[in-house]
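In the text below, chain A, chain B and the rest are named by the order of the sequence lines, each starting its count at 1.
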Amino acid sequence: MHLLVQAVILGILIGGVYALMASGLTLVFGIMRVINVAQGAMVILGAYLSYTLFSSVGIDPLLSILLIAPVMFALGVGIHRVFIRALRAESGEEMSLLVTWATALAIEGVLSVTYTTNLRSTIPGYAQRSWIILGYRVAEVRVFGFVISVVILSALSLLLARTRFGRSVRATVQNPTSAKLLGVDADRVSALGFGIGISTAAAAGAVFGIIYPFNPGSHYDLISRLLSIVVLGGLGSLGGAVVAALLLGVGESVVAVMISPSWSSFVFFIVLIVILVFRPQGLFGVRERGAL
Amino acid sequence: MSSDAEDRTRSQAEVTQEATPGSTRQEGRPIQGSAWKRLTWPARRVLRTAGDRYDRMAKPARLGVSAGMVVLAAAVPVLLPYVTADSGYWTSVATKIGIAALLALGLNVVVGFAGLLDLGYVAFFAVGAYTFALLSGAGRYAIAISRSQPNAFKLLPTWHMYFWLLLFVALLVALIAGVVLGTPTLRLRGDYLAIVTLGFGEIVRITATNLNSLTDGSQGVNQIPHPAINVGSVHYNFGLNNEAYYWLLLAVIVIWIFLLRRVNDSRIGRAWAAIREDELAAASMGIPTIQMKLLAFAMGAAVASLGGVIYASQIGFISPDSFQLFSSDFGSVIILAMVVLGGMGGIAGPIVGAALIIFLPERFRFVGDARFLIFGGVLVLVMVLRPQGILPSRRRAAELEGGEVRETSVFEARQAGS
């Protein structure tokens with residue numbers, strides 16, 4: 001029982017970080033129907049940036065998010081300008097998938113040339129410390145990561161709920177054509193949305209880099225999990241992504257503790273498929289009218 | 001701003017096209033569009049007229065051209081020594097292209113014909129490879145070796161002569177797997193389907209990694225037997241002869257292309273095209289959409305499994321790592337890239353895509369780690385500049401170029417209104 005509770009606590013903490021990574025993915029999909037396979041690579045890029053800032057200048061990895069996020073936002077807007085926008089006119093989802101995959105390959109290439117493929121990890125002073133609460137051991141880093149994820153996610157949902165930009169994003173997600181008719185600048189919304197999606201990934205990357213060791217190829221493991229989270233929650237639904245991330249985080253960590261770590265990612269996909277069989281639109285997705 | 005202007009010119013083109021329905025071929029239309037389009041117009045025209053000419057040939061002539069191409073392809077291993085000093089290496093690359101082309105042609109049925117975005121295609125490749133590896137007895141042998149059992153050699157695979165039988169068993173297993181996996185998921189929307197099939201790919205890989213007692217986990221299975229022919233007085237073991245595998249693959253590909261053409265020109269092919277263009281309309285016309293999609297899915301799975309068997313028996317060793325989703329050899333995404341880059345929905349497109357995507361990274365191996373960087377860059381460039389692929393099928397190209405017209409159709413308006 002003690003083990004189980006411990007596993008659930010760990011799962012919730014890591015689920016929060018997954019939620020942060022997945023939020024950008026679901027936002028980008030909702031706005032422009034692009035499955036951004038490069039999201040995992042962006043997380044790893046963020047991890048490397050914060051690793052570099054920490055090991056060369058000594059900036060705390062969690063504080064470095066404040067520096068990394070704007071840089072990655074600019075990168076995201078740039079990628080959108082050059083690649084994604086060129087696609088939107090005539091091609092389907094497979095094309096956007098391949099383009100973002102090629103972007104991921106390119107990022108992986110840059111990282112392996114600059115940092116080699118050795119495993120790295122960011123180890124600030126508090127990396128090894130942990131608190132003991134009611135007999136359960138909780139690593140400080142994971143709590144910090146969870147708190148930061150919650151803060152950023154709340155800021156994101158406030159941005160979506162309260163600002164003019166957020167309204168135009170939600171309008172575009174609901175119905176792109178009507179949004180355009182009502183004067184929403186689709187290009188601007190997509191570019192900013194893509195930038196935000198990428199910068200949340202990078203912020204999550206800074207956290208990820210403290211918790212797990214990483215190398216340029218780590219994004220392959222991440223992206224299939226992130227995609228499952230986003231689909232489970234319902235593509236385009238931010239709240240759904242958060243719930244799904246917590247669910248899968250807990251599921252994964254319980255299986256890892258109770259059965260074996262090597263089966264833990266299996267759970268991700270089994271849960272995904274079982275739920276989709278009964279609820280094809282995901283947990284919180286909106287069923288498309290007229291869809292078969 | 002510029003995209004607006006582009007839209008306007010394009011929709012004008014559409015209007016003139018609609019006004020003169022006879023001239024939909026568009027060969028004679030004035031050159032317009034971006035500088036890139038103007039610049040490459042001659043090349044694109046050559047590709048298009050070559051395809052048209054082939055289509056308009058009389059049947060015997062068309063057969064002759066196809067046969068000539070097959071002979072040319074079959075002669076590649078013989079001709080290689082005259083082209084390069086390192087012909088052994090390039091023959092192995094040629095067999096790699098063969099496997100990739102087979103997979104691309106199989107995935108093309110799912111993605112290009114039926115319009116289902118399948119990201120778990122490598123799972124069926126793995127199913128074929130593992131079915132063969134385990135049924136041939138190599139799996140037990142590998143496990144016995146890794147547990148250092150003294151009489152492991154007694155378990156050495158002796159089933160060489162059953163290669164051809166096992167080939168069909170693997171094909172059947174993959175067909176069944178395709179139907180089992182497809183039945184619950186093919187009802188899903190396109191983007192969801194992509195992710196769920198991706199999940200299947202991972203499930204197969206994780207299962208292969210974790211079922212230690214059956215597959216020896218991440219150690220992989222080695223000593224997989226090579227195919228052999230024992231008919232009458234003919235005894236031939238494929239061994240490590242890359243040419244033999246190349247010709248075997250070529251034969252399988254030719255048979256597959258023949259079947260593909262027959263199926264795609266039939267009622268089934270038309271049903272696929274209808275589903276791809278508008279599933280709701282297809283269903284209301286009485287097309288059994290789920291069965292048709294399942295058929296495409298299972299056909300693709302069977303072909304991938306054949307590729308898996310040949311791959312396993314050629315290399316003699318497989319491990320879960322060979323079947324990673326993003327693997328740069330035969331991962332789902334790279335096969336998809338071959339299909340999309342080459343041009344979906346045709347026969348020549350995926351083959352050209354496979355040849356280029358395998359050949360170019362091999363040719364530029366000397367640039368080392370920057371290879372993927374360059375590869376990614378080139379990929380993005382090609383896709384942005386030529387989204388319909390190098391050799392698109394005519395039907396598909398028409399669909400893409402007619403994008404603006406479709407958006408205003410009743411069905412599209414219905415979708416946009418959801």
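Both the backbone and the side chain of A/Ile270 come within contact range of chain B, judged by heavy atoms closer than 4.5 Å.
One distance of note links CG of A/Leu98 with CE of B/Met338; it measures 11.5 Å at 0.5 Å rounding.
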Assess the residue pair A/Val230 and B/Ile195 against the criterion (side-chain contact (heavy atoms from CB on, under 4.5 Å)); give the C-alpha distance rounded to whole Å, side-chain angles, the decisive distance to 0.1 Å, and a yes or no. CA-CA 9 Å; A/Val230 168; B/Ile195 314 295; over 6 Å; no
Decide yes or no on side-chain contact (heavy atoms from CB on, under 4.5 Å) for B/Ile203 and A/Ile273, but give the supporting numbers first. CA-CA 11 Å; B/Ile203 284 178; A/Ile273 288 165; 3.7 Å; yes
Decide side-chain contact (heavy atoms from CB on, under 4.5 Å) for A/Leu97 and B/Val340; before the verdict, give the C-alpha distance in whole Å, the side-chain angles of both, and the deciding distance to 0.1 Å. CA-CA 11 Å; A/Leu97 198 135; B/Val340 173; over 6 Å; no
Verify side-chain contact (heavy atoms from CB on, under 4.5 Å) between A/Phe269 and B/Val196, making sure each step is shown before the conclusion. CA-CA 8 Å; A/Phe269 303 112; B/Val196 172; over 6 Å; no
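The side-chain heavy atoms of B/Val333 and A/Val37, taken from C-beta on, include no pair separated by under 4.5 Å. Residues A/Trp101 and B/Leu336 are not in side-chain contact: their nearest non-hydrogen atoms beyond the backbone lie 4.5 Å or more apart.
Shown here for B/Leu198 and A/Ser224, the closest heavy-atom pair between the two residues is CD2-CB, 3.6 Å.
Within a 6.0 Å sphere centred on CE of B/Met285, heavy atoms belonging to other residues, nucleotides or ligands number 12 at most.
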